[in-house]
Amino acid sequence: MTLMDYRERWELKEYRYSQRLRRRILVLHAALLALLVGYGLGFYYLQVVRGDEYALLAENNRLRRVPLPPMRGTIFDRNGEVLASTRPSMNLVLRREGLREADAQLRRLEGVLGVPYATLRARLDRMRDRPPFEPLVIREDVSLWEVAKIESRREWFPSVEVEQVPLRSYPAGPAVAHVIGYVGEVSEAQLATQGPEGPLQPGDLVGKTGIERALDERLRGQRGWKLVTVNSLGRQFGEARIGQEPVNGAPLRTTLDVRLQRALVEALGEEAGAGVFMDPRTGGILALASTPAFDPNLFASPVTPDSWRSLVEDPRRPLHDRAIASFYAPGSTFKVILSVAGVETGTISPAAVRYCSGSIVLYGRPFLCWKKGGHGAVDLERALVHSCNVYFYQLGKALGIEAIARYADLFNLGRPTGVELPGESGGVLPGPEWKRKRTGEPWYAGETISVSIGQGVLAVTPLQMATMISAVATGGFLPRPHVCADVAPAPVKLPLADDTLGLVRRALQQVVEAGTGRRAALGPIPVAGKTGTAQVFKRSAGIDADELPKHERDHAWFVGYAPADRPEIAFAVVVEHGGHGGTAAAPIARRVLEVFFADRLPEREPSPALIAAAAFARSDPAPAAERRGGGHERAAPSP
């Protein structure tokens with residue numbers, strides 16, 4: 001009998017099959033369990049761990065974050081007068097949500113507002129990629145009359161609305177144009193410089209020039225934002241929700257006096273020139289102006305291409321700040337530095353006398369004095385009072401260019417003063433090393449003679465000259481000019497003898513009382529100053545200014561301070577191609593001083609003749625009769 005293999009028995013096969021099925025079921029259960037656990041962990045991660053993040057992303061599918069601009073800080077003068085503020089303004093905007101009959105509305109706007117249809121259509125097309133809830137600005141800063149024209153025809157303009165926005169305002173207008181500056185939309189270059197995480201965003205307003213730019217971060221503030229609910233088509237509905245309130249810019253009090261600003265600009269009139277008036281004791285700038293000027297209110301809203309072109313193409317350069325960015329030969333005002341250097345170095349005794357015959361031959365070449373026939377025998381004080389060129393030619397020759405440059409540098413001439421205002425120029429303080437670096441040539445002795453009377457390549461800014469004369473006025477304390485009232489840098493004491501500066505101050509007072517600066521005299525208020533005539537063309541030497549074309553006349557300077565015994569205000573005024581400092585620049589300084597000392601000057605009833613003269617002066621800021629007055633200086637020709 002053959003035995004059956006037990007492995008072939010059906011019971012064993014059934015057992016094995018059931019075992020395999022059970023294992024498969026267990027594997028399937030484990031896989032299902034693992035899948036469920038994975039799903040559970042995934043849901044936990046999405047809903048718990050990153051729930052807030054994904055909730056915000058989901059919310060953003062129907063919420064839009066809209067920026068809220070801050071109010072820019074107000075700028076005040078030292079007396080609390082507003083120089084720059086933000087005022088409410090109305091814009092006409094076209095709502096693009098649900099916009100129907102766009103062309104019809106735009107054509108009607110052309111007839112009502114006078115804006116060409118093509119311009120409006122182009123603006124609307126440029127907004128095509130922007131979210132639909134952002135409106136199209138049709139016209140900024142509209143008047144009530146323009147709003148009334150729209151509202152009276154409301155059925156014609158169902159998509160046009162009035163939106164209130166802040167707008168920068170400059171109440172003093174051109175009087176503060178250069179020192180206060182203006183604002184404008186942030187540029188692409190500024191955005192690129194700050195990086196993606198910077199505080200500025202496209203459309204933000206930032207300072208472009210002047211104080212607005214120098215202290216922009218303080219004035220600008222911080223933007224906020226609000227959440228706007230939109231539907232699937234991007235159209236806004238419901239109320240907006242404030243996410244973060246904007247932080248308004250901080251107010252700023254300056255050292256400026258708007259009364260003096262206006263007086264300075266009015267006195268400069270149609271002339272191209274500049275003036276700086278400051279407190280010599282602190283360096284606080286009381287007035288800083290450049291003419292021709294411009295109206296900063298033009299930049300409160302986007303400037304039209306025609307307006308911008310008229311400004312940048314104007315040959316008189318109204319956007320250029322001549323007070324800090326232009327430098328000129330100082331002319332005879334530089335004789336103040338020569339006088340200090342001569343006495344301090346012992347090169348000359350104040351009592352030593354030199355004879356002026358009207359010219360002198362140095363290094364084989366003649367050098368002229370401004371006065372034909374000369375001044376005769378003069379000592380240092382008399383030479384400074386009457387601005388004798390021959391005396392200072394000899395003094396400059398004895399000093400040498402190194403000593404002259406050293407004392408000019410001591411008074412901060414030829415380099416920036418460090419004022420907060422952007423765009424300050426340094427000027428030129430020449431010397432052997434400077435010339436070697438610039439031209440590769442040696443310094444020639446004849447060049448020193450020109451520098452001795454403020455000519456040649458020597459060049460300074462009006463702000464530098466105001467700082468220099470302030471140091472003379474205060475007995476050697478060189479101030480650091482500034483415009484922010486809550487920042488007052490301490491002046492620097494110069495290593496100069498009191499007797500030296502005392503002699504110079506006595507001479508400067510005589511300049512106004514009996515010398516070339518008589519037109520700056522202010523009655524009971526003693527004024528000290530120095531006139532200067534900076535030659536522009538050699539042809540002007542020895543020729544009356546009236547006989548020359550305007551562009552060939554000399555630049556006119558006047559620097560000084562008042563009261564002469566206890567200075568409260570120091571100044572520097574320059575008039576481009578003004579002719580002579582005593583006749584062109586000194587009267588401008590006097591006009592500003594009259595405003596500054598108004599409460600200390602006697603009140604006088606103007607005579608009919610004076611009223612007529614004032615009216616004539618307004619029509620002709622530099623009448624020939626005034627320019628022919630006595631006390632003219634002549635700039636000697638450069639060798």
Side-chain angles (χ1 to χ4, degrees), residues 52 56 59-60 63-78 80-91 93 130-131 133-135 137 140-141 162-171 176 179-230 236 238-256 296-297 299-302 420-422 482-488:
D52 293 340
L56 180 60
E59 187 74 1
N60 283 341
L63 295 178
R64 295 291 183 270
R65 184 164 162 161
V66 178
L68 295 175
M71 293 284 284
R72 195 169 177 85
T74 302
I75 303 176
F76 301 93
D77 80 343
R78 65 175 186 157
E81 292 289 329
V82 174
L83 301 178
S85 62
T86 302
R87 64 176 177 84
S89 170
M90 294 182 294
N91 289 349
V93 300
R130 304 294 298 171
F133 63 84
E134 291 187 14
V137 178
E140 297 175 317
D141 196 24
V162 178
E163 184 180 71
Q164 186 166 314
V165 294
L167 196 67
R168 202 63 168 162
S169 174
Y170 303 96
V176 298
V179 65
I180 297 297
Y182 58 86
V183 297
E185 187 173 343
V186 62
S187 65
E188 293 294 336
Q190 288 174 294
L191 293 173
T193 301
Q194 70 165 3
E197 301 300 324
L200 294 174
Q201 297 184 24
D204 282 352
L205 291 180
V206 296
K208 294 293 186 178
T209 62
I211 293 175
E212 292 277 30
R213 177 179 172 184
L215 300 171
D216 177 67
E217 188 172 345
R218 172 175 176 173
L219 294 167
R220 187 173 65 235
Q222 298 178 4
R223 66 162 58 217
W225 53 272
K226 65 180 178 180
L227 291 176
V228 176
T229 306
V230 297
Q236 179 180 347
E239 294 292 330
R241 186 168 77 249
I242 301 296
Q244 179 177 316
E245 291 283 356
V247 179
N248 293 332
L252 174 68
R253 189 170 67 90
T254 69
T255 60
L256 300 171
N297 290 296
F299 296 89
S301 54
E420 305 100 316
L421 301 176
H482 59 279
V483 293
C484 186
D486 55 6
V487 176

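All values below were derived from every heavy atom in this structure, side-chain atoms included, with hydrogens, water molecules and symmetry-related copies excluded.
Between I211 and L256, some side-chain heavy-atom pair lies under the 4.5 Å cut-off. Considering only heavy atoms from C-beta on, R168 stays 4.5 Å or farther from R87 through its side chain. Looking at heavy atoms from C-beta onward, V183 lies out of side-chain contact with V206 at the 4.5 angstrom threshold. You'll find the side chain of H482 reaches within 4.5 Å of the side chain of T255, heavy atoms only.
With sequence neighbours excluded, the residues satisfying side-chain contact (heavy atoms from CB on, under 4.5 Å) with V247 are Q222. The salt bridge (Lys or Arg N to Asp or Glu O under 4.0 Å) test applied to R213 returns no partner, not counting sequence neighbours. Scanning for ring-ring contact (aromatic ring centres under 6.0 Å, His included) contacts around F299 gives Y182, F294, with sequence neighbours left out.
Pairing each heavy atom of S169 with each of P171, the nearest pair is O-CD, 3.6 Å. G221 and P70 get closest at one heavy-atom pair: C-CG, 4.0 Å. Closest approach of G184 and K208 over heavy atoms only: N-CG, 3.6 Å. The nearest pair of heavy atoms linking T193 to A189 is OG1-O, 2.8 Å. Closest heavy-atom contact between G210 and P422: O-CD, 3.4 Å.
Between the CZ atom of R220 and the CG atom of D216 there is a distance of 4.5 Å, given to the nearest 0.5 Å. Atom-to-atom distance recorded for L205:CG and L167:CG is 8.5 Å, nearest 0.5 angstrom.
The side-chain contact (heavy atoms from CB on, under 4.5 Å) test with L421 singles out one residue from L215, V179, I180, and that residue is V179.
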Mind running side-chain contact (heavy atoms from CB on, under 4.5 Å) on M71 and S85 for me, showing each step along the way? CA-CA 9 Å; M71 293 284 284; S85 62; over 6 Å; no

Take R72 and T86, measure what side chain to side chain donor-acceptor pair (under 3.5 Å) needs, and give me the verdict at the end. CA-CA 6 Å; R72 195 169 177 85; T86 302; over 6 Å; no

I75 vs R253, side-chain contact (heavy atoms from CB on, under 4.5 Å): CA-CA, chis, key distance, verdict: CA-CA 6 Å; I75 303 176; R253 189 170 67 90; over 6 Å; no

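A side-chain donor-acceptor contact under 3.5 Å links T254 to the backbone of F76.
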